[in-house]
Amino acid sequence: MKAMKSFGWALIILVALIVFGSLYTVREGQHAVLLRLGRIITTSDGKARVYGPGLHFKWPFINSVRAFDTRLQTLDIERSRIVTAEKKDVLVDYFAKWRIDNVALYYTRTGGNEFQAETLLEQKLNDGLRAQFGKR
């Protein structure tokens, strides 16, 4: 009798773990991609499955979820010294407003690492800004 009772509790715990492992929530202001063994799951037409806010289901232990903040974000870049065409130094303080538009492409290019995304964005902005100051 005692063995059946402990087996029953073990079964209930196992079922609860599977149910809770198969549910996930995407919060408001986020979008998520579903990964199967580290690769983005695509639909039959080859597009990545991107999930909006709400409660969703996945296969436990096989699929994982990566959620990303798709709200407007601010990238504040430190002041930098830029040389103009007249060979004068100018101190420029600038910032950028950005958001994730394509979640699957963002994950593919940055691995979901926000620091790497901001570094890439900062390099691109810095190069463009220096080129424009060099022209004028």
Side-chain angles (χ1 to χ4, degrees):
M1 182 73 169
K2 201 171 207 182
M4 286 296 285
K5 192 173 188 180
S6 61
F7 177 73
W9 280 110
L11 186 63
I12 289 172
I13 291 172
L14 180 65
V15 169
L17 284 174
I18 290 173
V19 168
F20 287 120
S22 64
L23 295 173
Y24 66 96
T25 304
V26 179
R27 301 195 186 284
E28 188 174 343
Q30 291 183 335
H31 283 82
V33 291
L34 196 58
L35 306 171
R36 180 171 292 143
L37 302 174
R39 293 185 177 206
I40 297 176
I41 296 176
T42 58
T43 58
S44 60
D45 60 349
K47 293 182 180 178
R49 288 188 184 173
V50 177
Y51 295 94
L55 182 64
H56 303 283
F57 299 97
K58 67 179 178 82
W59 288 104
F61 312 116
I62 297 172
N63 293 349
S64 60
V65 179
R66 292 291 306 264
F68 302 104
D69 191 3
T70 55
R71 296 177 294 182
L72 191 62
Q73 299 176 31
T74 303
L75 174 64
D76 191 15
I77 302 167
E78 287 192 29
R79 182 180 301 179
S80 62
R81 185 179 305 272
I82 298 177
V83 180
T84 62
E86 294 87 29
K87 305 292 185 214
K88 293 184 180 181
D89 289 341
V90 178
L91 289 176
V92 179
D93 191 17
Y94 58 101
F95 67 95
K97 295 283 191 179
W98 66 284
R99 75 171 53 158
I100 300 170
D101 187 38
N102 186 340
V103 177
L105 186 63
Y106 174 81
Y107 178 77
T108 304
R109 298 231 173 122
T110 64
N113 186 349
E114 186 176 346
F115 178 73
Q116 183 178 0
E118 287 182 351
T119 302
L120 291 171
L121 186 59
E122 183 177 344
Q123 289 172 354
K124 188 106 171 148
L125 289 170
N126 199 6
D127 292 343
L129 192 65
R130 286 183 187 280
Q132 290 300 318
F133 268 91
K135 285 182 187 177
R136 293 182 167 79

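Fair warning: this is a prediction, and the values are worked out from it, not measured in the lab.
- Although no hydrogens or angles enter the test, the distance criterion places no donor-acceptor pair under 3.5 Å between the side chain of Thr42 and the main chain of Lys47.
- Annotation: the span from Arg81 atom CZ to Leu91 atom CG amounts to 5.0 Å, rounded to 0.5 Å.
- Hydrophobic cluster membership is shared by Val90 and Leu125, with clusters built from Ile, Leu, Val, Met, Phe, Trp and Tyr side chains linked at under 4.5 angstrom.
- Within 6.0 Å of the CD atom in Gln132, the count of heavy atoms belonging to other residues, nucleotides or ligands exceeds 12.
- The shortest heavy-atom contact between Arg99 and Leu72 is NH2-CB, 3.7 Å.
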Determine whether Arg36 and Ile62 satisfy the following criterion, side-chain contact (heavy atoms from CB on, under 4.5 Å), listing intermediate values before the conclusion.
CA-CA 6 Å; Arg36 180 171 292 143; Ile62 297 172; 3.8 Å; yes
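- Going from atom CG of Leu120 over to atom CZ of Phe115 covers 10.0 Å, rounded to the nearest 0.5 Å.
- Following chains of ILVMFWY side-chain contacts shorter than 4.5 Å, one cannot reach Ile41 starting from Val50, and the two form parts of different hydrophobic clusters.
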Please step through side-chain hydrogen bond (donor to acceptor under 3.5 Å, both in side chains) for the pair Thr43 and Asp45, ending with a clear verdict.
CA-CA 5 Å; Thr43 58; Asp45 60 349; 2.3 Å; yes
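- In this structure, Asp89 places its CG atom where more than 12 heavy-atom neighbours from other residues, nucleotides or ligands lie under 6.0 Å away.
- Taking both residues in full, the closest heavy atoms of Tyr106 and Ala117 are given as CE1-CB, 3.5 Å, listed atom of the first, atom of the second, then distance.
- More than 12 heavy atoms of other residues, nucleotides or ligands shown are found within 6.0 angstrom of CH2 on Trp98.
- Interatomic distance, Lys58 NZ to Arg49 CZ, rounded to the nearest 0.5 Å: 14.5 Å.
- One hydrophobic cluster, built from ILVMFWY side chains closer than 4.5 Å, cannot hold both Leu105 and Ile40; they sit in different ones.
- You'll find the side chain of Val65 stays beyond 4.5 Å of the side chain of Tyr51, heavy atoms only.
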Step-by-step side-chain contact (heavy atoms from CB on, under 4.5 Å) determination, Phe95 to Ile77
CA-CA 6 Å; Phe95 67 95; Ile77 302 167; over 6 Å; no
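- Of all the heavy atoms in Glu114 and Gln73, the pair that sits closest is OE2-OE1, 3.5 Å.
- Of all non-hydrogen atoms in Gly52 and His31, the two that sit nearest each other are CA-CD2, 3.8 Å.
- With rounding to the nearest 0.5 angstrom, the CD1 atom of Ile18 is 10.5 Å from the CH2 atom of Trp59.
- Taking 4.5 Å as the limit, every side-chain heavy atom of Pro60 sits out of range of all side-chain heavy atoms of Phe20.
- The only member of Leu55, Asn63, Leu34 that meets side-chain contact (heavy atoms from CB on, under 4.5 Å) when paired with Tyr24 is Leu34.
- Both Leu121 and Tyr94 are part of a single hydrophobic cluster, where members link through side-chain heavy atoms under 4.5 Å apart.
- Side-chain heavy atoms closer than 4.5 Å link hydrophobic residues (I, L, V, M, F, W, Y) into clusters, and following such links, possibly through other members, connects Leu75 to Ile100.
- Thr110 places no side-chain N or O within donor-acceptor distance of the main-chain N or O of Tyr107, the cut-off being under 3.5 Å.
- For the atom pair Glu28 CD and Thr70 OG1, the distance stands at 10.0 Å (nearest 0.5 Å).
- Residue Gly112 comes nearest to Arg66 through the heavy atom pair O-NH2, 3.3 Å, listed as atom of the first residue, atom of the second, then distance.
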